[in-house]
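Working notes, structure below.
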Amino acid sequence: MKTKFPSEKHYKLLSEDFHNIDNDITKSYLEYTLICQKTIAKVESYLSKLEMTNSQFLILLCLYVSDKNIDNITNISKKLGISNVTVSNVVKTLQIKGLVEKKKLKEDKRFSRVVLKKQGKNFMKNFIPEYYSKYKELFKTFDKDELLQLQFLIAKLNLAFDSMSGKEKFWW
């Protein structure tokens, strides 16, 4: 029989070798990291069939829900936690695909906004219901209270990450 990784045995080994490690924190972190990795792998596999990356989808989603489907690179970067350089490169790819365009600001030509084009809006209108059916399946065994609890815990994790800004950073 295949052993689940990480198992209680693995956590026990860690606690024996590292006495100052809190098993509950380690277990929470590793389980969280592994479920994130599984989720990203599933999402990327699904999106690859549409010749789309997760970053491309997130930027399109960010634009789709923005006022007038317009935003700038810096705002998108801050909202998604992706570097400006990465957002710029992904936007270039989305421009090539005909899903977005960059428009210079009339008041200052040095700056531009990213605009979701009609083709991008149509893609999202078709994609979101299909994508929803995929993640709805993931949460089908959760009741309303569990979903609210999960949302609360995710919000708490987000606050913890945000509070680390300017303080000692993670290794990444």
Side-chain angles (χ1 to χ4, degrees), residues 4-6 27-106 111-165 170 172:
K4 177 184 172 273
F5 178 81
K27 185 174 183 177
S28 297
Y29 175 75
L30 288 175
E31 295 288 337
Y32 165 76
T33 302
L34 290 170
I35 196 66
C36 287
Q37 184 59 42
K38 284 181 186 179
T39 303
I40 290 168
K42 290 277 188 192
V43 168
E44 288 179 345
S45 172
Y46 175 69
L47 290 172
S48 71
K49 295 171 186 163
L50 303 169
E51 297 181 8
M52 177 80 47
T53 67
N54 196 41
S55 294
Q56 290 170 3
F57 166 68
L58 290 173
I59 290 170
L60 289 174
L61 182 62
C62 193
L63 290 169
Y64 189 78
V65 299
S66 294
D67 291 337
K68 300 178 185 171
N69 305 122
I70 299 172
D71 212 336
N72 64 46
I73 299 289
T74 302
N75 285 344
I76 295 169
S77 173
K78 287 178 183 174
K79 288 174 186 174
L80 299 178
I82 303 172
S83 73
N84 281 4
V85 172
T86 300
V87 172
S88 276
N89 288 332
V90 173
V91 165
K92 286 176 189 171
T93 302
L94 292 170
Q95 283 180 281
I96 292 167
K97 291 181 175 191
L99 301 172
V100 302
E101 63 183 325
K102 285 175 87 173
K103 290 188 174 182
K104 296 276 184 198
L105 294 179
K106 291 176 185 169
F111 299 102
S112 60
R113 299 258 182 193
V114 182
V115 181
L116 190 63
K117 292 175 68 175
K118 185 176 181 178
Q119 185 178 343
K121 288 178 193 175
N122 289 338
F123 173 83
M124 293 302 286
K125 283 181 181 180
N126 291 322
F127 178 74
I128 289 174
E130 184 181 336
Y131 192 60
Y132 170 76
S133 71
K134 301 288 183 200
Y135 64 82
K136 181 181 176 186
E137 184 71 16
L138 179 65
F139 295 107
K140 73 180 179 185
T141 62
F142 287 58
D143 65 29
K144 190 73 167 173
D145 287 339
E146 289 170 325
L147 289 171
L148 291 173
Q149 184 180 12
L150 180 60
Q151 291 168 27
F152 171 79
L153 293 171
I154 291 169
K156 198 169 180 175
L157 271 173
N158 269 320
L159 287 173
F161 270 109
D162 291 347
S163 72
M164 293 173 61
S165 298
F170 272 46
W172 60 80

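Here, residue 1 is the first one in the sequence, and each next residue gets the next number. Predicted model only: the values in this text are computed from it and were never measured. These values consider heavy atoms only, across backbone and side chains, with no hydrogens, waters or symmetry-generated copies.
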Could you tell me how the ring of Tyr131 sits relative to the ring of Phe127: parallel (under 30°), tilted (30 to 60°) or perpendicular (over 60°)?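 Plane angle under 30°, so parallel.
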Any non-hydrogen side-chain atom of [X] less than 4.5 Å from a side-chain atom of [Y]?
X: Leu157; Y: Tyr32; answer: yes
X: Ile76; Y: Ile82; answer: no
X: Val87; Y: Leu80; answer: no

Can you pull out every ring pair (Phe, Tyr, Trp, His ring centres under 6.0 Å) where at least one residue sits in residues 61-98? Sequence neighbours excluded, please.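 Listed once each, the pairs would be none.
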Ring pair (Phe, Tyr, Trp, His ring centres under 6.0 Å): pairs with one or both residues in residues 66-94, sequence neighbours excluded: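 Matches after skipping sequence neighbours: none remain.
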Hey, can you pull the donor-acceptor pairs under 3.5 Å for the side chains in residues 45-53, sequence neighbours left out?
{"unit_1": "Tyr46", "atom_1": "OH", "unit_2": "Glu130", "atom_2": "OE2", "d": "2.5"}
{"unit_1": "Ser48", "atom_1": "OG", "unit_2": "Glu44", "atom_2": "O", "d": "3.4"}
{"unit_1": "Ser48", "atom_1": "OG", "unit_2": "Ser45", "atom_2": "O", "d": "2.8"}
{"unit_1": "Thr53", "atom_1": "OG1", "unit_2": "Gln56", "atom_2": "N", "d": "3.1"}

List the atom pairs, with distances to 0.1 Å, where a side-chain N or O of residues 112-124 and a protein N or O form a donor-acceptor pair under 3.5 Å, not counting sequence neighbours.
{"unit_1": "Gln119", "atom_1": "NE2", "unit_2": "Lys97", "atom_2": "O", "d": "3.4"}
{"unit_1": "Lys121", "atom_1": "NZ", "unit_2": "Asn69", "atom_2": "OD1", "d": "3.3"}
{"unit_1": "Asn122", "atom_1": "ND2", "unit_2": "Lys118", "atom_2": "O", "d": "3.4"}

Taking side chain to side chain donor-acceptor pair (under 3.5 Å) as the test, write out the residues that go with [X], two or more places apart.
X: Ser28; value: none
X: Lys27; value: Glu8
X: Ser77; value: Asn84
X: Glu31; value: Lys4, Tyr11

Which side-chain hydrogen bond (donor to acceptor under 3.5 Å, both in side chains) pairs, counting each pair once, include a residue from residues 139-160, with sequence neighbours left out?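 Residue pairs with at least one partner in residues 139-160: Glu137-Lys140.
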Leu94 CG to Leu60 CG distance, which is reported to the nearest 0.5 Å: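 Rounded to the nearest 0.5 Å, the CG-CG separation comes to 5.0 Å.
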Does anything in residues 54-79 form a salt bridge (charged side-chain N to carboxylate O under 4.0 Å, His left out)? List the pairs, not counting sequence neighbours.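 Counting only pairs at least two positions apart or across chains, the salt bridge (charged side-chain N to carboxylate O under 4.0 Å, His left out) contacts touching residues 54-79 are Asp71-Lys79.
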So, using ring pair (Phe, Tyr, Trp, His ring centres under 6.0 Å) as the criterion, who are the partners of Phe152 when residues are at least two apart?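 If we apply the ring pair (Phe, Tyr, Trp, His ring centres under 6.0 Å) test to Phe152, skipping adjacent residues, there are no hits.
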Sequence neighbours left out, what passes ring pair (Phe, Tyr, Trp, His ring centres under 6.0 Å) with Phe142? Give chain and number order.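 So Phe142 forms a ring pair (Phe, Tyr, Trp, His ring centres under 6.0 Å) with Phe139.
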